[in-house]
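These numbers come from the heavy atoms of this one structure, side chains and all, not from hydrogens, waters or symmetry mates. Both counts, for ligands and for their atoms, begin at 1 and track the order of listing. These numbers were taken from a predicted model, which means no experiment stands behind them.
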Amino acid sequence: MVAAAELAHILNGMSVDVEEWFQVGAFENTIDRGQWDGLGSRVEANCDAILDLFAQTQIRATFFTLGWVAGRHGPMMRRIADAGHEIASHGWDHARVFSMDAKAFAEDLARTRKVLEDATGQRVTGYRAPSFSIDARTPWAHAVLAEQGYAYSSSVAPIVHDHYGWREAPRFAFLPVAGADLLEIPVTTAEIRGRRMAAGGGGFFRMLPYGLSRWAIARVNARDHQPAVFYFHPWEIDPDQPRQNQAPLRSRVRHYTNLSGMKAKLTRVIDDFAWGRMDMLAERLGAGAQRWAP
Ligand SMILES: [Zn+2]
């Protein structure tokens, strides 16, 4: 067990991937994009609950937001920015980066950034790929982010997973583009019995006992002397969202397990560690980062 005082000095990155309950990879084959506008929006109520949680616990975080969502919820975007949180990009409509080419990716980024910046007046300098979809298939992606002046990306899961992952990538912040300051800050991983798992939130945090997440974050802070990168979604704190009974069982298990326990768990992880915005992390990590490319 690592002493709380020892951990308190490392600032970890707290992030929310802002998307609707129907915009997730788990339901992409059961809910057609054309239906999206007809489905009941829940993102605003859920984000307001998250803003309350962050206000109570006095932390600031980064909201990686879809352009599709920001364009429909301008007042929500302003509430998030006015509370002192960072607004960053999660792409337009959750299309994975490896489903695009460099030109389409550049357009997706530009379109999203304009909507985010118009809604809040805050400059966008951070990006997170939908479903951590920057990997070995997208050798051009970081270069496009650098060209567009992004300071950091948090888009790589350095693991093997059935839906995503770039197993060769470093576990901690690196410089992916020669001659550019762009920093990639991968999602936090845990190494358990020689196997790396994405341990910075998501299903690992929601479905498994809280002690495992606490162990993983403490280990990254104390042993690796690195900040952890944590993420969750507005739909994860919403047990009343409409159920998609036609989705595959595996997707339903992943999506619906422990939604009702999520808020209490989040409160615990926020209390146990120190948290801040991803742009603050990028600033701190930039100076010591090494160049890495496959
Ligand atoms: Zn997402």
Please tabulate, for the side chains in residues 64-74, all donor-acceptor contacts under 3.5 angstrom to protein atoms that are two or more places apart in sequence or on a different chain.
{"from": "Thr65", "atom 1": "OG1", "to": "Phe63", "atom 2": "O", "distance (Å)": "3.1"}
{"from": "Arg72", "atom 1": "NE", "to": "Asp37", "atom 2": "OD1", "distance (Å)": "2.9"}
{"from": "Arg72", "atom 1": "NH1", "to": "Trp68", "atom 2": "O", "distance (Å)": "3.1"}
{"from": "Arg72", "atom 1": "NH2", "to": "Asp37", "atom 2": "OD2", "distance (Å)": "2.9"}
{"from": "His73", "atom 1": "ND1", "to": "Glu44", "atom 2": "OE1", "distance (Å)": "2.6"}
{"from": "His73", "atom 1": "NE2", "to": "Ser41", "atom 2": "OG", "distance (Å)": "3.4"}

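Taking distances strictly below 2.8 Å, the protein N/O/S atoms close to the Zn ion (ligand 1) are Glu19 OE1, His90 NE2, His94 NE2.
Residue Phe172 belongs to a hydrophobic cluster whose other members are Val220, with links defined by side-chain heavy atoms closer than 4.5 Å.
Taking the six-membered ring for Trp, Phe54 and Trp275 have ring centres at least 6.0 Å apart.
Legend: residues meeting side chain to side chain donor-acceptor pair (under 3.5 Å) with Asp118, ordered by chain and number and at least two apart, are Lys114.
Look at Arg219 and Asp224 and you find no salt bridge, because none of the NZ, NE, NH1 or NH2 atoms lies under 4.0 Å from a carboxylate O.
His85 places none of its side-chain heavy atoms less than 4.5 Å from the side chain of Thr62.
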